[in-house]
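In what follows, a single structure is set out as structure tokens and then discussed.
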Amino acid sequence: MVTVHNLGFPRIGAKRELKFAQEAYWKGETSRDALQSSGIELRRRYWQEQADLDFVPVGDFSFYDHMLDMSFTLGNLPERVQGFHGDALDNYFRVARGRSAPDSDAHCACHGCASTDVAAGEMTKWFDTNYHYIVPEFTATTAFALNASRLLDQLADAKAQGINAKPVIVGPITYLALGKSKDDSDRLALLPRLLPVYRSLLNTLAAQGIAWVQIDEPILVTELDAPWQAAFKTAYDHFKDCNVKLLLATYFGQLQENRTLVANLPVAGVHIDAINGRDDVLPLLETLPSQTALSLGVINGRNIWKTDLTAVLDWVEPIAQRLSDRLWIAPSCSLLHVPVDLNSETTLDPEVKSWMAFALQKLDELRILAKALRHGRDAVSAELALNRAAIASRRQSPRVHNPAMKEAITPALGQRQSNYAARAAKQAAILKLPLYPTTTIGSFPQTAEIRQARSKFKSGQIDEAAYQVAMKAAIALSVCTQEELGLDVLVHGEAERNDMVEYFGEQLEGYVFSQFGWVQSYGSRCVKPPILFGDISRPRPMTVAWIQYAQSLTQKPMKGMLTGPVTILNWSFVRDDQPRAVTCRQLALAIREEVLDLEQAGVQVIQIDEAALREGLPLRKAQWQEYLDWAVESFRITANGVQDETQIHTHMCYSEFNDIIAAIAGMDADVITIECSRSDMELLDAFDDFNYPNEIGPGVYDIHSPNIPTQAHIEALMKKAAERIPAKRLWVNPDCGLKTRQWAEVIPALTNMVAAAKALRGAVV
């Protein structure tokens, strides 16, 4: 009999209930108990939605991040928060965002709490997704101590709700591999200290009557050096006599050379991502011990298209006959990466909606597959017929495959007219910028007034003329504020933009948009990815009028602000019926048209954000070059049709870029701005061995934290940068856009940033 389970469920709520509860608590508007109650209500609601599964994930819910949860479970708290003796949840938020809540911090009189602001934990992408996790921190002296209260509380609540719980934890090797040594010590040297704590956790869960524990080790889909492979055997040998069954879960890719390692680990079950790692399945069938369960992730947990259920059954039925009661089925990964409920969508294009499935609908697909495997296809004949009709409709739709759309890619499209040195001289003569020029990344605070005007316009409460007046007022405020602050290259503030990808998708052919298709990016930050379902084209200019208006308000250079094709691709739900490279080139041609229109309108500086360039990087290095070739080509197609005098910027944030710095240089942007502050300029270590040829703005303050950087801190970071990059090629800027911050935070932070730049100029002889 097939076993049906889920690996994880979205945390934020179908209407972002958790986001609003978190932010109200952080603002001091609600109590800690109210936040906890919101979390409990959400967990219980979605446990009940999954209650008919054989096993329901518990512990996948988080108030910020599951990796941060694991750090607290293991007692691995950064030293900078160990002096705070307040509530555990407040310490948790201090690590996550540099501050907990105004009410708790304002009254904190604990030993060591002279300052309530601490540095937030470093944040980076969870494998190749748009989810960000808080990076665990290690030193040679790191010690671990079990604190299972969070997980035990959730398990007790689940049991009271009648849920057959399967606790979910991050495995020890993935935890170490994704963490960062703060003193360059060997992370694997910590394994002997870490394993007893994990063992204690597993035995604690066993004492609660838990039968199965899902232990996530997605690092197994990457290339592992011999010491890390050996660490897996050491770790799981240490757990083999624990009184729980372990389901070792891998996802996001293929095991390949790690198959033999996995097959020989002493675990009771193995989960394989059969969307991305189907080639692993048959070889594993030959090598897994006869008693080991095999869980197949047959529903795509990363995209929103319906599953071809007939095709899945054609493939899985022979495996089910072979494995009998050892077969489990599930989504490929946690459903964290998709929206909650398609039924919430009342305005979505009906035809495109008929091709889609969100988290709850994916669980319905799983139930249909399970019923067919248990009772035969006749038991679900009506459901299969509806599914086949939807799959056929999408495949045959001329809206998806437009015969008039043809790629028009030639090598010349990606070439600038001159090299960087020649361009830089021409640009300097026109822009006349000082040493250490200052700028921001594009967005300014999205105030309640801006959001209210946008909402009223969308709902028809105000007309377009009134909306234009409101947005122009916000743009004028941004421009005036920047001039008063003394910034050198200005931005219009992006008041008119709901999201850096959705805004462009709304104006491109080939996209549709959801009302409630929210997914978590980090903490309370949610994004609503556009749905790219068909061939892409640009009917009309998208940004030119707004940028022209902003430029009319100032004599200083005004950046045109665009999102690049790779980021639009990686931050959308993308069609899966053609190679991603083909879709990306279509996007590149469309954004190229916008770049040329901006230049024609007299815009001298154009920023094309590629925040998600590394995010699309395959998890295996052997596959990197193919991706980087078409990703960099797509950026160059977008950017390189301009004259030498037009300065092209790009921006990247919150990823590890050191290992692809040559590809970034190959983009040939005149200026790149990049996140550096959370890692204390560690990113610039790449320039010890790589002579980056163009200009760079290493971010000098963390915009995801409410902390305000001091002038001295910014100067210190820039001095570190100047040790690797000549001062004449350095810019001063924040890590990222400022839309999520408040003006009360932005103005003093930028004041300090401009003051730091002026001081740095004065120090140059």
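Starting from 1, each residue takes its place in the sequence as its number. Because only heavy atoms are used, hydrogens play no part in the values below, and waters and symmetry mates are left out as well, while side chains stay in.
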Could you tell me whether the side chain of [X] and the main chain of [Y] form a donor-acceptor pair under 3.5 Å?
X: Q742; Y: T447; result: no
X: S521; Y: V527; result: no
X: R636; Y: G666; result: yes
X: S181; Y: D186; result: no
X: E599; Y: G602; result: no
X: T567; Y: A611; result: yes
X: D183; Y: A140; result: yes
X: N752; Y: P709; result: yes
X: N640; Y: G414; result: yes
X: T638; Y: S634; result: yes

Please list, chain by chain and in numerical order, all residues satisfying salt bridge (charged side-chain N to carboxylate O under 4.0 Å, His left out) with [X], sequence neighbours excluded.
X: E137; value: R80
X: K19; value: E23
X: R620; value: E257
X: D644; value: K426

How long is the straight-line distance from [atom2] of [Y] back to [atom1] of [X], given to the nearest 0.5 Å?
X: L487; Y: L750; atom1: CG; atom2: CG; result: 6.0 Å
X: Q22; Y: F63; atom1: CD; atom2: CZ; result: 8.0 Å
X: W731; Y: T673; atom1: CH2; atom2: OG1; result: 9.5 Å
X: H66; Y: I134; atom1: NE2; atom2: CD1; result: 11.0 Å
X: Y692; Y: I674; atom1: OH; atom2: CD1; result: 8.0 Å
X: D609; Y: T563; atom1: CG; atom2: OG1; result: 5.5 Å

Q | R416/I648 under side-chain contact (heavy atoms from CB on, under 4.5 Å): CA gap, chis, key distance, verdict | A | CA-CA 11 Å; R416 289 294 292 264; I648 296 293; 3.5 Å; yes

Q: Check the pair K125 / H132 against side-chain contact (heavy atoms from CB on, under 4.5 Å), numbers first and verdict last.
A: CA-CA 4 Å; K125 300 290 177 69; H132 303 66; 2.9 Å; yes

For [X] against [Y], the heavy-atom pair lying closest together:
X: L190; Y: T139; result: CD2-O, 3.7 Å
X: R187; Y: L178; result: NH1-N, 4.5 Å
X: A495; Y: Q446; result: O-NE2, 3.5 Å
X: L598; Y: G560; result: CD1-CA, 4.4 Å
X: L77; Y: S71; result: CD1-O, 4.5 Å
X: Q604; Y: L431; result: OE1-CD2, 3.8 Å

[Y] and [X], any side-chain heavy atoms less than 4.5 Å apart:
X: E494; Y: Y503; value: no
X: V489; Y: K556; value: no
X: V746; Y: I703; value: no
X: W546; Y: R497; value: no
X: S62; Y: L68; value: no
X: L613; Y: M667; value: yes
X: N694; Y: I696; value: no
X: E594; Y: T543; value: yes

Q: Determine, stepwise, if the pair L562 / F504 fulfils side-chain contact (heavy atoms from CB on, under 4.5 Å).
A: CA-CA 8 Å; L562 303 173; F504 291 96; 3.7 Å; yes

Q) Please, which pairs that meet ring pair (Phe, Tyr, Trp, His ring centres under 6.0 Å) have at least one residue in residues 737-763, sequence neighbours excluded? A) F444-W743

(Q) Could you work out, with side-chain contact (heavy atoms from CB on, under 4.5 Å) as the rule, every residue matching T751, not counting sequence neighbours? (A) L485, I747

Q) Who passes side-chain contact (heavy atoms from CB on, under 4.5 Å) against P227, sequence neighbours left out? A) L188, D225

Q: Give a yes or no on whether a salt bridge exists between R423 and D670, defined as a side-chain N under 4.0 angstrom from a carboxylate O.
A: yes

**Q.** Pair K621 + E223, salt bridge at N-O below 4.0 Å
**A.** no

Q) So, D488 versus T438: side-chain donor-acceptor pair below 3.5 Å or not? A) yes

Q. Could you give all pairs that pass the side-chain hydrogen bond (donor to acceptor under 3.5 Å, both in side chains) test and reach residues 478-487, with sequence neighbours left out?
A. E483-T554

Q: Go through the steps to decide whether M558 and V603 satisfy the test side-chain contact (heavy atoms from CB on, under 4.5 Å), and finish with yes or no.
A: CA-CA 7 Å; M558 177 64 60; V603 179; 6.0 Å; no

Q: Identify which one of W126, W571, Y131 satisfies the side chain to side chain contact (heavy atoms under 4.5 Å, CB included) criterion when paired with E615.
A: W571

Q.
Is the distance between the ring centroids of F72 and Y92 under 6.0 Å?
A. yes

Going by ring-ring contact (aromatic ring centres under 6.0 Å, His included), name the residues that satisfy it together with [X], two or more places apart in sequence or in a different chain.
X: W630; result: Y627
X: Y549; result: none
X: F138; result: Y175

Q) Quick one: salt bridge (charged side-chain N to carboxylate O under 4.0 Å, His left out) pairs with a partner in residues 739-754, sequence neighbours left out? A) R741-E745

